[in-house]
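Below is one structure, written out as structure tokens, with a few remarks after it.
All chains are named by letter (A, B, ...) in the order of the sequence lines, taking the proteins before the strands, and each is independently numbered beginning at 1. The figures that follow rest on heavy atoms only: side chains count, while hydrogens, waters and symmetry mates do not.
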Amino acid sequence: MIPMSSPAQQQQNLFGRVLGRVCTAIEDLGAAGTLPTGLDLSQVVVEPPRDAAHGDMATNAAMVLARQAGMKPRALAEAIVGALRGDPLIAEIAVAGPGFINITLTREAWYDELRAVLRAGTDYGRSDVGRGQAINVEYVSANPTGPMHVGHCRGAVFGDALANLLAFCGYRVTREYYINDAGAQVDVLARSAFLRYREALGENVGPIPEGMYPGDYLIPVGAALAAEYGSALRDRSEAEWLPIVRDKAVSMMMAAIRDDLAALNVRHDVFFSERSLAVGDPSPIAATIRELEGRGLVYRGRLPPPKGQPVEDWEDREQLLFRSTAYGDDIDRPLIKSDGSYTYFASDIAYHASKFARGFRQMIDVWGADHGGYIKRMQAAVAAVTQGAAELDVKIVQLVRLFRGGEPVKMSKRAGDFVTLREVVDEVGRDAVRFMMLFRKNDATLDFDLAKVIEQSRDNPVFYVQYGHARGQSVFRNAREVVPELPTDAAARSQFLLNAALERLDQPGEIDLLKRIAQYPRVIEGAALAHEPHRVAFYLYDLASALHAHWTQGNHLPHLRFIILDDPILTVARLALIQGVVTVLASGLKLLGVDAPEEMR
RNA sequence: GGCCCCGUAGCUCAGCCGGAUAGAGCAGCAGCCUUCUAAGCUGUUGGUCGCAGGUUCGAAUCCUGCCGGGGUCGCCA
């Protein structure tokens, strides 16, 4: 029902435009009787060939349509080529191999694309594939039992960049944080904070007992409670003080977490409380379970004992189960613990039901690798609770291993002694953390070296990409000697450069840069659809490499430099190219949440 | 034992929901560069895409089974 790509989008994207031409040609051949009409074109793609010698673009149209059309691939390819020959975008077109159609575009097509960049500015690459669909991205969701540690930051950065990317591609994105403020852990937090409270009242409580949170970060919570309640809480029963202390501790921890996230430039639109799902009559959890029960998806039954490591206090008992096996899970899953309270899973079903009720048909959860075993049941739950109307994609971010100069940074298991997110950001900076977290596929483990990411070398991709942007900016500063009227403001400058004599761009390095720039919209759209922001980071690294390579050519070949003292026309054309590179670098870095500096002295 | 992820050049990793002779960086080798911002550039060596089957015009990519590494396995979140 939803078309593969809209006409508007095809106009934005050079590859989409060529795909449009190919499809039109095939339809024309159908109308002329050469081919059957009504062919399914959904498998036809136009993409850059692996080998640049094959041209700028290649399409598989003849191969995927051969069977439908009842023709041999090469014969079909010849027919399509005949229909496309003479297209003003196309300089050369030929059949190759088993039936590929290789296309070389005219120079003018690439110049036009550069003009599109200059016109669009940092909107270049924006897409409407999302069509305004609401999508919920849930990320971080760290327990509010202490400050964020370094393990949290990969998910935080990944989720944030993915949300940026989706928004850039026309989705209506909600960034969400699920606060685990229910369950035993926050009760332990409350008891730990209560000790600090008594301490604040002058009591000697001795060492923090085993099983409590010993971290110093709870001292201010105790002090705040003492300031607010005096000694009033001390002599009350735990049942009375615990909710008060718990709420205070959670809210103070969440404030700290928000601060930590702000240091990383990560923000959320919605902070959703798990506890809120258990209040009311019926509570959202109870209502959700009842609804599933009515559909035969919740029942009382027994589970086989877990395999592998024997569970010591295992007892065979009848319990309330969700029939997740009906949706592809391996085993049905319990909803109520032995103490009568809901399992985390029960809350999570209600939580995702809430997302659906709030209008989200697409949901993305970003989880740490240790939650991988939870994916099937959650997807089963979403399928059940939305009757298959919503889709949940769970993105797993793998472990980050911290190094400093090649040596592992030791992290003691002893509670309270961990590397916090804030420490890392303070040491190497937000940009380095963010870029490196994205310079690897999310499901691969990542080695993060605190020494390397502040190095100023090609080994450090953060520096390399940012320096590419700064280098471009430096050309504009220096170019005023030759082009005094060059505007300083980026938008005005782009406008000015639209009149450049782009046909003067004819050096191989320049053409290469033009073509790389034109890839950007494709990369963005692919990354958004695949939920893979790392593709943007890799693309930016490649683009920056191409710029640096071309730049260095100018060292010994002065005619390749961007600024040519006695040729302002050529200089302006090259400035337009630089503007294209800089614009795309800035746009991509912004999506990743990394600064694009004007200079890096 | 069940399930999930990973396995691609000596090292670190890409490979775009099946495409052409599998790529990049580092390291190695051979040169170049003293500049529009110095922290670089060019060329080159190097791979049985873990193994074995299957699906088809075509597989690193999809399916099955093994091998190796990591994670996880009612009541924790």
Considering every strand and a 4.0 Å limit on heavy-atom distances, what is the contact class for Ala369(A): base, sugar-phosphate, or nothing? sugar-phosphate
Base, sugar-phosphate or nothing for Glu274(A)? Non-hydrogen atoms, less than 4.0 Å. sugar-phosphate
Please work out if Thr145(A) contacts a base, only the sugar-phosphate, or nothing of the nucleic acid, heavy-atom cut-off 4.0 Å. nothing
Would Phe100(A) count as stacked on A20(B) if the rule is ring centres under 5.5 Å and plane angle under 30°? yes
How do Tyr464(A) and Ser141(A) order along RNA chain B: which one's closest nucleotide is nearer the 5' end? Tyr464(A)
Strand partner of U55(B), provided both Watson-Crick or wobble distances fall under 3.5 Å: none
Would you say CZ of Arg67(A) has more than 12 non-hydrogen atoms from neighbouring residues, nucleotides or ligands within 6.0 angstrom? no
Counting just side-chain N and O atoms, does Ser474(A) come under 4.0 Å of either OP1 or OP2 of U37(B)? yes
For C16(B), does OP1 or OP2 lie under 4.0 Å from any side-chain N or O of Arg535(A)? no
Pair Gln473(A)-Glu599(A), side-chain donor/acceptor within less than 3.5 Å: no
When rounded to whole Å, the CG to C1' distance for the pair Asp542(A) and C13(B) reads 12 Å
Counting the atoms with a prime plus P, OP1 and OP2 as sugar-phosphate, which does His534(A) contact under 4.0 Å by heavy atoms, base, sugar-phosphate, or nothing? sugar-phosphate
Tell me what Ile563(A) touches on the nucleic acid: a base, only sugar-phosphate, or nothing, going by heavy atoms under 4.0 Å. base
Parallel, tilted or perpendicular, judged at 30° and 60°: which one describes the rings of Tyr520(A) and Tyr539(A)? tilted
G40(B) pyrimidine/purine six-ring stacking with His548(A), under 5.5 Å and 30°: no
How many whole angstroms separate atom CE of Met57(A) from atom C1' of C16(B)? 15 Å
Taken in chain and number order and not counting sequence neighbours, the residues that satisfy side chain to side chain donor-acceptor pair (under 3.5 Å) with His54(A) are none
With a non-hydrogen cut-off below 4.0 angstrom, is Ala470(A) in contact with a base, only sugar-phosphate, or nothing? base
Any N or O donor-acceptor pair linking the side chain of Asn102(A) to the base of A20(B) at under 3.5 Å? yes
Look at Lys441(A) and C6(B) and indicate whether a side-chain polar atom (N or O) is within less than 4.0 Å of OP1 or OP2. no
Nearest to the side chain of Tyr467(A), which nucleotide is it out of U37(B), A77(B), C5(B)? U37(B)
Answer with base, sugar-phosphate or nothing: what part of the nucleic acid does Asn143(A) contact at a heavy-atom distance below 4.0 Å? sugar-phosphate
For the residue pair Thr145(A) and Gln185(A), confirm or rule out a side-chain donor-acceptor distance under 3.5 Å. no
Contact class for Ala58(A) (heavy atom, under 4.0 Å): base, sugar-phosphate, or nothing? base
Residue mapping more 5' on RNA chain B - nearest nucleotide basis, Phe439(A) or Lys337(A): Phe439(A)
So, does Arg471(A) get its side chain near the phosphate of C36(B), meaning an N or O under 4.0 Å from OP1 or OP2? no
Under 3.5 Å, is there a donor-acceptor pair linking the side chains of Tyr139(A) and Asp365(A)? no
Scan Arg522(A) against the nucleic acid and name what it touches under 4.0 Å (heavy atoms): base, sugar-phosphate only, or nothing. base
Name the nucleic acid region contacted by Ala96(A), choosing base, sugar-phosphate or nothing; use a 4.0 angstrom heavy-atom cut-off, strictly under. base
